[in-house]
Protein chains: 2
Amino acid sequence: MSIEKRTQHELDDETLFVVSQTFKALSDPTRIRILNMLCCEEHSVNDIAEKLDLNQSAVSHQLRFLKNLRLVKFRREGTTLYYSSDDDHIINLLHQAIDHAKH
Amino acid sequence: MSIEKRTQHELDDETLFVVSQTFKALSDPTRIRILNMLCCEEHSVNDIAEKLDLNQSAVSHQLRFLKNLRLVKFRREGTTLYYSSDDDHIINLLHQAIDHAKH
DNA sequence: TATATATATGAACATATACTCATATATAAC
DNA sequence: GTTATATATGAGTATATGTTCATATATATA
């Protein structure tokens with residue numbers, strides 16, 4: 001099999017890493033709930049924690065995870081940070097999967 | 001907030017579980033490589049193991065994982081099992097993410 | 001029946017993950 | 001400065017995950 005033919009099928013390490021990290025972000029129920037909450041409107045950390053009945057620290061840890069992957073962004077207003085989604089394409093993947101799961 | 005309004009935003013447990021499991025399947029580099037290999041044509045277990053330089057047992061374990069989620073199927077020919085993808089929609093999600101990762 | 005080949009399975013292990021707790025940091029108001 | 005509020009962070013911990021190794025199972029052939 002030629003190198004050209006192989007590369008059609010085999011994914012390079014960089015792509016493999018990015019794709020797996022992206023799906024890893026979407027593979028945890030807590031992160032799914034957070035992303036689903038942030039897809040349409042921004043929310044503060046405490047707001048997310050209260051509405052989803054989660055520990056503030058747990059939410060903050062997960063938001064850092066999502067921010068590192070640039071899936072969410074935030075703006076500051078005083079001591080409050082308002083988070084919102086920052087990757088329409090990945091949010092779209094999430095919604096496709098949700099629709100698929102609901103049949 | 002009304003129940004109707006809430007359910008617009010909050011996902012039910014069943015959906016949450018299915019979605020997270022689906023993305024979990026796509027979140028491991030080995031499974032991504034296997035699914036990417038199976039998307040276009042069927043392959044035997046040994047064929048997958050050799051082409052992707054993986055342990056036969058590791059491939060078999062991952063195929064069981066993917067089969068439980070009905071992402072792959074197989075047909076038998078003698079002692080050989082030929083696996084292929086069995087969920088076009090999820091394969092489509094994978095390819096969207098790959099394209100997204102490659103920019 | 002015995003042997004060979006292909007695949008599946010279970011245990012063991014190392015690593016990754018998600019959470020909680022305690023505490024640190026940052027901003028605002030006093 | 002002090003105090004209050006909102007969020008971030010690091011350590012510790014329990015569980016989940018992916019792999020390897022050894023072995024079991026299934027099918028085909030002699």
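Below, chain A is the first sequence line, B the second, and so on; all start at residue 1.
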Smallest heavy-atom separation, Ile32(A) atom then Leu11(B) atom, equals CG2-CD1, 3.7 Å

Side-chain atoms of Val45(B) come closest, of dT7(D), dT7(C), dT9(D), to dT7(C)

Here the pair of heavy atoms bringing Val45(B) nearest to Ser60(B) is CG1-N, 4.5 Å

Per the under-4.0 Å heavy-atom filter, residues of residues 16-25 of chain A near DNA chain C come out as Lys24(A)

Distance-only criterion, 3.5 Å: show the donor-acceptor pairs between side-chain atoms of residues 12-27 of chain B and protein atoms not counting sequence neighbours.
unit_1: Asp12(B); atom_1: OD1; unit_2: Thr15(B); atom_2: OG1; d: 2.7
unit_1: Asp12(B); atom_1: OD2; unit_2: Glu14(B); atom_2: N; d: 3.4
unit_1: Asp12(B); atom_1: OD2; unit_2: Thr15(B); atom_2: N; d: 3.1
unit_1: Asp12(B); atom_1: OD2; unit_2: Thr15(B); atom_2: OG1; d: 3.2
unit_1: Ser20(B); atom_1: OG; unit_2: Leu16(B); atom_2: O; d: 3.0
unit_1: Ser20(B); atom_1: OG; unit_2: Phe17(B); atom_2: O; d: 2.9
unit_1: Thr22(B); atom_1: OG1; unit_2: Val18(B); atom_2: O; d: 2.7
unit_1: Ser27(B); atom_1: OG; unit_2: Lys24(B); atom_2: O; d: 2.8

message: Does a side-chain N or O of Asn46(B) approach OP1 or OP2 of dT7(C) to a distance below 4.0 Å, or not?
response: yes

Sequence neighbours excluded, the answer for side chain to side chain contact (heavy atoms under 4.5 Å, CB included) partners of His61(B) is Ser57(B), Arg64(B)

Distance col, row Gln62(B):CD vs Leu52(B):CG, nearest 0.5 angstrom, shows 11.5 Å

| said: On the nucleotide dA8(C), are OP1 or OP2 found under 4.0 Å from the side-chain N or O atoms that Tyr83(B) carries? | reply: yes

Whole-Å distance, Asn55(A) CG to dT13(D) P, equals 18 Å

Is there a side-chain contact between Ile48(B) and Leu38(B) in this structure, where contact means two heavy atoms from C-beta onward sitting under 4.5 Å apart?
yes

CG of Leu35(B) to CG of Leu63(B), rounded to nearest 0.5 Å, is 9.0 Å

Is there a side-chain polar atom (N or O) of Tyr82(A) under 4.0 Å from OP1 or OP2 of dT7(D)? no

Residues passing the side chain to side chain donor-acceptor pair (under 3.5 Å) test with Gln56(B), sequence neighbours excluded, are none

B/S/- along nucleotides 25-30 of chain C (protein heavy atoms under 4.0 Å) is --BS--

Contacts of His43(B) meeting side chain to side chain donor-acceptor pair (under 3.5 Å) (sequence neighbours excluded), chain-then-number -> Asp47(B)

Expected list for residues 66-75 of chain B near DNA chain D, using heavy atoms below 4.0 Å, is none

Annotated structure of DNA chain D as dot-bracket, pair cut-off 3.5 Å, Watson-Crick or G-U only, | for inter-strand, is ||||||||||||||||||||||||||||||

Under 3.5 Å donor-acceptor pairs involving side-chain atoms of residues 76-87 of chain B, not counting sequence neighbours:
unit_1: Arg76(B); atom_1: NH1; unit_2: Gly78(B); atom_2: O; d: 3.1
unit_1: Glu77(B); atom_1: OE1; unit_2: Arg75(B); atom_2: NH1; d: 2.7
unit_1: Glu77(B); atom_1: OE1; unit_2: Arg75(B); atom_2: NH2; d: 3.4
unit_1: Asp87(B); atom_1: OD1; unit_2: His89(B); atom_2: N; d: 3.1
unit_1: Asp87(B); atom_1: OD1; unit_2: Ile90(B); atom_2: N; d: 3.1

Problem - Close side-chain approach of Leu54(A) to Arg33(A), heavy-atom, < 4.5 Å - result: yes

### Message
Can you see if the side chain of Arg64(B) gets near the phosphate of dA8(C) - specifically, an N or O under 4.0 Å from OP1 or OP2?
### Response
no

> Side chains of Asn36(A) and Ile98(A): does their closest heavy-atom pair fall under 4.5 Å?
Replying inline: yes

OP1, OP2 of dA6(C) versus side-chain N and O of Ser44(B): anything below 4.0 Å? no

Within residues 56-63 of chain B, those residues having any heavy atom closer than 4.0 Å to DNA chain D are Ser57(B), Ala58(B), His61(B), Gln62(B)

dist Asn46(B):CG -> Lys51(B):NZ (nearest 0.5 Å) comes out at 11.0 Å

